[in-house]
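To start, the structure under review is shown below, and the notes come after it.
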Amino acid sequence: MTVKILMVGDVVGIAGTEYLLEGGRLRRCASELDASLVIVNGENSAEGNGITPTSARALIDAGADVITGGNHTLRKKNIYSMLDDETTLIRPANFPVGSPGMGHITVDVCGYRILIINLAGQVFMDTRASSPFDALDRILSLEEGRYDAAVVDIHAEATSEKLALARYADGRVSAVAGTHTHIPTADINVLGGGTGYITDLGMCGSHAGILGVSTEAILHKFRSVTPVTFTPAEGEVSAEGALFEIDLPSGRCIGARSVKF
């Protein structure tokens, strides 16, 4: 038996959440791809950045089975209680001890147990995350015997760090997908040990600006030392991600391709 898993890159602001909701777009895409599990990175889904209960609920309503996070997940304090209580919402597992929420979750998909792990990179990142390699080892050891396949969202800036983690995890997890840089990469493949991999899924947001944010705001950031509010770009919205086909119960990835809708 095989299970297809759809992973969608960082959702940017209201434009991104509404795009996935509109006309049941995310659910329709998952159905057309025959995806049994939908994982969406939502750490930028609130206005400005971060995630709020409102944006998280919108993503769940749109069809996200699990929402992963990143360096902005804890920016909005009103999400803390939802991180503690909502089983479909996770944040990087290697955040400091005592952070609200959890960094991994196991869900039932067609009778199989799929472990989903969220990790944050350390290189060029503004978080105090511990080693994602150690966190991966800890979780896989903790959950040993209690999952049939494992999928990782590594939210990181450095491409080398993402690929290094994938090589480290090759043969131990079914797929490793990078998020954070909002640009889909052309390197989707299945590694030698049977782990599907892509350096970055891309984003769900407007491509009329810069990484989903208005051009004016980003230019201000680069050209001025004064603070600026990141306002979402308008127009030309699309969603990017990847589809991984997993053989069960072996847990090996047997197919991986980029998705844009």
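Index from 1, following the sequence.
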Item to check | Sequence neighbours excluded - ring pair (Phe, Tyr, Trp, His ring centres under 6.0 Å) pairs with any residue from residues 29-57 | outcome: none
Checklist outcome for this item: Residues at least two apart in sequence or cross-chain that pass salt bridge (Lys or Arg N to Asp or Glu O under 4.0 Å) with Arg223, listed by chain then number, are none
Checklist entry - Any idea which heavy atoms bring Met7 and Val152 closest together, and the distance? => result CE-O, 4.1 Å
Checklist entry - Mind checking whether Pro232 and Ile14 have side chains closer than 4.5 Å, heavy atoms only? => result no
Next on the checklist: Just by distance, no angles: are the side chains of Ser55 and Thr17 close enough, under 3.5 Å, to form a donor-acceptor pair?
Outcome noted: no
Checklist entry - For Ala64 and Val40, which heavy atoms make the closest approach, and how far apart are they? => result CB-CG2, 3.7 Å
Checklist outcome for this item: Here the ring pair (Phe, Tyr, Trp, His ring centres under 6.0 Å) pairs for residues 179-216, sequence neighbours left out, are His155-His180
Checklist outcome for this item: Contacts of Glu18 meeting salt bridge (Lys or Arg N to Asp or Glu O under 4.0 Å) (sequence neighbours excluded), chain-then-number -> none
Checklist entry - Any donor-acceptor pair under 3.5 Å linking the side chain of Glu47 with the backbone of Gly13? => result no
Checklist outcome for this item: Contacts satisfying salt bridge (charged side-chain N to carboxylate O under 4.0 Å, His left out) that involve residues 78-98 (not counting sequence neighbours) are Arg57-Glu86
Item to check | Thr52 and Asn78 side chains, donor-acceptor separation under 3.5 Å | outcome: no
Item to check | From CG (Asp200) to OG1 (Thr181), nearest 0.5 Å | outcome: 3.0 Å
Item to check | Path from Leu59 to Leu201 over hydrophobic side-chain contacts below 4.5 Å | outcome: no
Checklist entry - Do Val11 and Leu21 share a hydrophobic cluster (ILVMFWY, side-chain heavy atoms under 4.5 Å, transitive)? => result no
Item to check | Closest approach of Ala239 to Leu20 (non-hydrogen atoms, all atoms of both residues) | outcome: CB-CD2, 4.1 Å
Checklist entry - Looking only at heavy atoms, which two atoms of Ala208 and Gly235 are closest? And how far apart? => result CB-O, 3.8 Å
Next on the checklist: With a 6.0 Å cut-off (strictly less than), is the heavy-atom count around NZ of Lys76, excluding the residue itself, greater than 12?
Outcome noted: yes
Next on the checklist: Holding to salt bridge (Lys or Arg N to Asp or Glu O under 4.0 Å), I want the full list of residues that pass it with Arg172, two or more places apart in sequence or in another chain.
Outcome noted: Asp137
Item to check | Gln122 side chain near Pro132 side chain, heavy-atom distance below 4.5 Å | outcome: yes
Next on the checklist: Just verifying a value: how many Å separate Ile67 CD1 and Thr73 OG1, rounded to the nearest 0.5 Å?
Outcome noted: 10.5 Å
Next on the checklist: Counting C-beta onward and ignoring hydrogens, is there a side-chain heavy-atom pair between Leu37 and Ile114 closer than 4.5 Å?
Outcome noted: yes
Next on the checklist: With salt bridge (charged side-chain N to carboxylate O under 4.0 Å, His left out) as the rule and sequence neighbours excluded, what pairs involving residues 95-118 come up?
Outcome noted: Arg113-Asp148
Next on the checklist: Walk me through whether Thr195 and Asp170 qualify under side-chain hydrogen bond (donor to acceptor under 3.5 Å, both in side chains).
Outcome noted: CA-CA 5 Å; Thr195 296; Asp170 189 19; 3.3 Å; yes
Next on the checklist: Are the side chains of Val151 and Ile39 in contact, using a 4.5 Å heavy-atom criterion?
Outcome noted: yes
Checklist entry - In terms of hydrophobic clustering (I, L, V, M, F, W, Y; side-chain heavy atoms under 4.5 Å; direct or indirect links), are Ile116 and Leu89 co-clustered? => result no
Checklist entry - Which residues pass the side-chain contact (heavy atoms from CB on, under 4.5 Å) test with Val123, sequence neighbours left out? => result Ala158, Glu161
Checklist entry - Do any N or O atoms from the side chain of Thr179 and from the backbone of Asp10 form a donor-acceptor pair under 3.5 angstrom? => result no
Checklist outcome for this item: ring pair (Phe, Tyr, Trp, His ring centres under 6.0 Å) pairs touching residues 109-147, sequence neighbours excluded, are Phe133-Tyr168
Next on the checklist: Taking salt bridge (charged side-chain N to carboxylate O under 4.0 Å, His left out) as the cut-off, I'd like each qualifying pair that reaches into residues 249-261, sequence neighbours left out, listed once.
Outcome noted: none
Item to check | Any pair counted as salt bridge (charged side-chain N to carboxylate O under 4.0 Å, His left out), so long as it reaches residues 118-131, sequence neighbours left out | outcome: none
Next on the checklist: Closer than 3.5 angstrom, by distance alone: can the side chain of Ser99 be matched with the main-chain N or O of Pro96 as a donor-acceptor pair?
Outcome noted: yes
Checklist entry - Where is the tightest heavy-atom contact between Ala35 and Leu6, given as atom of each residue plus distance? => result CB-CB, 3.9 Å
Checklist entry - Has the side chain of Lys162 got a donor or acceptor atom that lies under 3.5 Å from a matching backbone atom of Thr199? => result yes
Item to check | Listed once per pair and sorted, the ring pair (Phe, Tyr, Trp, His ring centres under 6.0 Å) pairs that draw on residues 5-27, sequence neighbours left out | outcome: none
Checklist entry - With the 4.5 Å side-chain cut-off for hydrophobic clustering, are Leu26 and Ile5 part of the same group? => result no
Checklist entry - Do side-chain atoms of Asn94 reach the backbone of Ala129 as a donor and acceptor pair under 3.5 angstrom? => result no
Next on the checklist: Is the shortest side-chain heavy-atom distance between Val190 and Ile254 below 4.5 Å?
Outcome noted: no
Next on the checklist: As an exercise, state the distance from CG of Leu243 to CG of Leu33, rounded to the nearest 0.5 Å.
Outcome noted: 5.5 Å
Checklist entry - If you round to the nearest 0.5 Å, how far is CD1 of Ile218 from OG1 of Thr231? => result 8.5 Å
Item to check | Distance-only polar pair, side chains of Thr127 and Asn71, donor-acceptor under 3.5 Å | outcome: no
Checklist entry - Just wondering, do Pro100 and Leu74 contact through their side chains at under 4.5 Å, heavy atoms? => result yes
Item to check | Stepwise side chain to side chain contact (heavy atoms under 4.5 Å, CB included) test for Arg75 and Asn49 | outcome: CA-CA 8 Å; Arg75 187 170 295 272; Asn49 53 31; 2.6 Å; yes
Next on the checklist: Working to the nearest 0.5 angstrom, can you tell me the gap between Leu119 CG and Ile154 CD1?
Outcome noted: 5.0 Å
Checklist entry - Of the non-hydrogen atoms in Arg27 and Ile60, which two are nearest, and what is the gap between them? => result NH2-O, 3.5 Å
Item to check | Side-chain heavy atoms of Ile51 within contact of Leu83, under 4.5 Å | outcome: no
Next on the checklist: If hydrophobic clusters are built from ILVMFWY residues whose side chains come within less than 4.5 Å, do Phe95 and Met125 share one?
Outcome noted: no
Checklist entry - How about Ile139 and Leu115: do any of their side-chain heavy atoms sit closer than 4.5 Å? => result yes
Item to check | Arg25 CZ: over 12 foreign heavy atoms closer than 6.0 Å | outcome: yes
Checklist outcome for this item: In this structure, CG of Asn41 is separated from OG1 of Thr68 (nearest 0.5 Å) by 4.0 Å
Checklist entry - So, Ser224 versus Thr226: side-chain donor-acceptor pair below 3.5 Å or not? => result yes
